[in-house]
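The structure displayed is predicted, hence computed values, not measured ones.
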Amino acid sequence: MARERAQRLAYAQGVLDITAGSKSYELEDDDEAAIPNIADIMEADMLAEHLDEHRFLPAAERAAADRDWVFGHVIVDEAQELSPMAWRLLMRRCPSRSMTIVGDLAQSGALGAPASWADVLAPYVADRWRLAGLTVSYRTPAEIMSYTERTLKDVDPAIVPPEPVRSTGVEPWEATGPLADLVARVAEETDAVGDGRLAVIAPAERLAALAAALPSLTTGPSPDLEDRAVLLTVGQAKGLEFDTVVVVDPARMLAGSPRGANDLYVALTRPTQRLGVFTLQPS
């Protein structure tokens with residue numbers, strides 16, 4: 001303990017030495033106008049004690065423990081999934097309303113998802129926000145972007161898809177057949193992906209049967225995404241990307257919820273190289 005305290009004191013003294021060395025001396029002849037420096041008001045042992053209390057706690061944990069904690073700026077990812085209550089929480093924790101919000105309403109699976117970003121932001125900031133639309137797709141190749149256009153129109157005909165900047169030369173494939181055919185297709189795609197990553201994305205009610213038929217795929221509530229091949233629901237795949245994706249039973253995804261088109265669009269846009277769509281025949 002004595003050694004650790006000595007290390008903390010040495011660290012704190014170093015911080016004070018640096019701040020003292022960086023203070024401005026332009027006003028040194030005017031004591032009243034001089035800008036206070038932390039080295040003028042705090043000793044090393046005081047700073048070491050403060051660091052000891054907060055050093056190992058991430059900002060998120062410190063904020064969670066302090067109901068009055070606020071942020072100067074907040075970055076929100078997958079913002080299309082936030083509930084009205086979550087937005088209220090964010091606005092309370094960021095009273096400056098300074099935010100960078102990243103999201104795609106076409107990928108929202110929530111039943112109460114807003115129709116526009118104005119619906120989300122207007123109650124808090126009126127019209128004091130700026131929308132920057134994604135016009136270029138670096139991740140999804142042209143062949144897959146073209147294939148997903150009809151699904152995107154089902155989501156919202158007014159949405160203009162981003163322009164892909166690359167092409168793989170591999171068109172998405174469609175197939176229909178029994179479970180044995182799907183198993184064979186997945187084996188082929190697993191071989192073709194090489195050192196890449198493959199995902200089979202299926203409706204939740206299909207997962208148990210597919211997991212039994214495809215034991216080489218990692219699945220479950222928290223599958224290891226470092227594994228070469230995984231079996232996921234749309235919800236689990238959201239926000240992720242894979243070299244190859246096989247989407248199972250697209251019609252069932254469409255009918256699975258009032259926002260089924262959004263779910264299918266999410267599934268179809270997860271691959272960066274190859275896409276397959278397989279419809280299972282009743283056994």
Item to check | Step-by-step side-chain contact (heavy atoms from CB on, under 4.5 Å) determination, L280 to F278 | outcome: CA-CA 6 Å; L280 277 172; F278 195 97; 3.8 Å; yes
Check [X] against [Y] and note the closest heavy-atom contact, atom names and distance.
{"X": "G239", "Y": "R270", "value": "N-NH1, 3.6 Å"}
{"X": "G220", "Y": "Q236", "value": "O-NE2, 2.8 Å"}
{"X": "G196", "Y": "D243", "value": "CA-OD2, 3.2 Å"}
{"X": "L105", "Y": "S116", "value": "CD1-CA, 3.5 Å"}
{"X": "A118", "Y": "P123", "value": "O-CD, 4.1 Å"}
{"X": "A213", "Y": "L179", "value": "CB-CD2, 3.6 Å"}

Mind checking the [atom1]-[atom2] spacing from [X] to [Y]? Nearest 0.5 Å is all I need.
{"X": "L152", "Y": "E149", "atom1": "CG", "atom2": "CD", "value": "8.0 Å"}
{"X": "R130", "Y": "L121", "atom1": "CZ", "atom2": "CG", "value": "13.0 Å"}
{"X": "T218", "Y": "L231", "atom1": "OG1", "atom2": "CG", "value": "9.5 Å"}
{"X": "L198", "Y": "R274", "atom1": "CG", "atom2": "CZ", "value": "9.5 Å"}
{"X": "R228", "Y": "T190", "atom1": "CZ", "atom2": "OG1", "value": "6.5 Å"}
{"X": "S137", "Y": "E163", "atom1": "OG", "atom2": "CD", "value": "9.0 Å"}

Quick one: are [X] and [Y] in side-chain contact, heavy atoms under 4.5 Å?
{"X": "L264", "Y": "V247", "answer": "yes"}
{"X": "I144", "Y": "P271", "answer": "yes"}
{"X": "I201", "Y": "M253", "answer": "yes"}
{"X": "L217", "Y": "V200", "answer": "yes"}
{"X": "V74", "Y": "S98", "answer": "no"}
{"X": "R139", "Y": "T269", "answer": "yes"}
{"X": "M85", "Y": "R88", "answer": "yes"}
{"X": "W173", "Y": "E189", "answer": "yes"}

Ion pair present between [X] and [Y], side-chain N to carboxylate O less than 4.0 angstrom?
{"X": "E78", "Y": "K238", "answer": "no"}
{"X": "E205", "Y": "R252", "answer": "yes"}
{"X": "D249", "Y": "R206", "answer": "yes"}

Verify the cluster assignment for [X] and [Y]: are they in a single hydrophobic cluster under the rule of side-chain heavy atoms below 4.5 Å apart?
{"X": "V160", "Y": "M145", "result": "no"}
{"X": "V70", "Y": "Y124", "result": "no"}
{"X": "M91", "Y": "W69", "result": "yes"}
{"X": "L210", "Y": "V183", "result": "yes"}
{"X": "L207", "Y": "V186", "result": "yes"}

Between the main-chain N or O of [Y] and the side-chain N or O of [X], is there a donor-acceptor pair closer than 3.5 Å?
{"X": "S108", "Y": "E81", "result": "no"}
{"X": "R185", "Y": "A180", "result": "no"}
{"X": "D156", "Y": "A158", "result": "yes"}
{"X": "R197", "Y": "T244", "result": "no"}

Checklist entry - Quick one: which of V155, V266, N262 gives a side-chain contact (heavy atoms from CB on, under 4.5 Å) with Q107? => result V266
Item to check | Option passing side-chain contact (heavy atoms from CB on, under 4.5 Å) with T176 (candidates L182, V277, T279) | outcome: T279
Checklist entry - With a 3.5 Å cut-off and no angle check, do the side chains of H73 and T100 form a donor-acceptor pair? => result yes
Next on the checklist: Would S167 and E143 count as a side chain to side chain donor-acceptor pair (under 3.5 Å) here? Give the steps.
Outcome noted: CA-CA 7 Å; S167 176; E143 294 83 358; 2.3 Å; yes
Next on the checklist: With side-chain contact (heavy atoms from CB on, under 4.5 Å) as the criterion, how do E174 and Y147 come out once you've worked through the C-alpha distance, each side chain's angles and the decisive distance to 0.1 Å?
Outcome noted: CA-CA 11 Å; E174 293 181 344; Y147 184 85; 2.5 Å; yes
Checklist entry - Does NZ or CZ of R97 fall inside the cone over W129's six-membered ring, less than 6.0 Å from its centre and within 45° of the axis? => result no
Next on the checklist: Run the side-chain contact (heavy atoms from CB on, under 4.5 Å) test on T272 and V245 for me, step by step, so that the C-alpha distance in whole Å, both residues' side-chain angles and the decisive distance to 0.1 Å come before the verdict.
Outcome noted: CA-CA 9 Å; T272 62; V245 168; over 6 Å; no
Next on the checklist: Using side-chain contact (heavy atoms from CB on, under 4.5 Å), reason through L90 and L82 one step at a time and then give a plain yes or no.
Outcome noted: CA-CA 10 Å; L90 280 176; L82 268 61; 3.3 Å; yes
Checklist entry - So W117 and Q80, side chain to side chain donor-acceptor pair (under 3.5 Å) or not? Walk me through it. => result CA-CA 9 Å; W117 290 114; Q80 75 276 1; over 6 Å; no
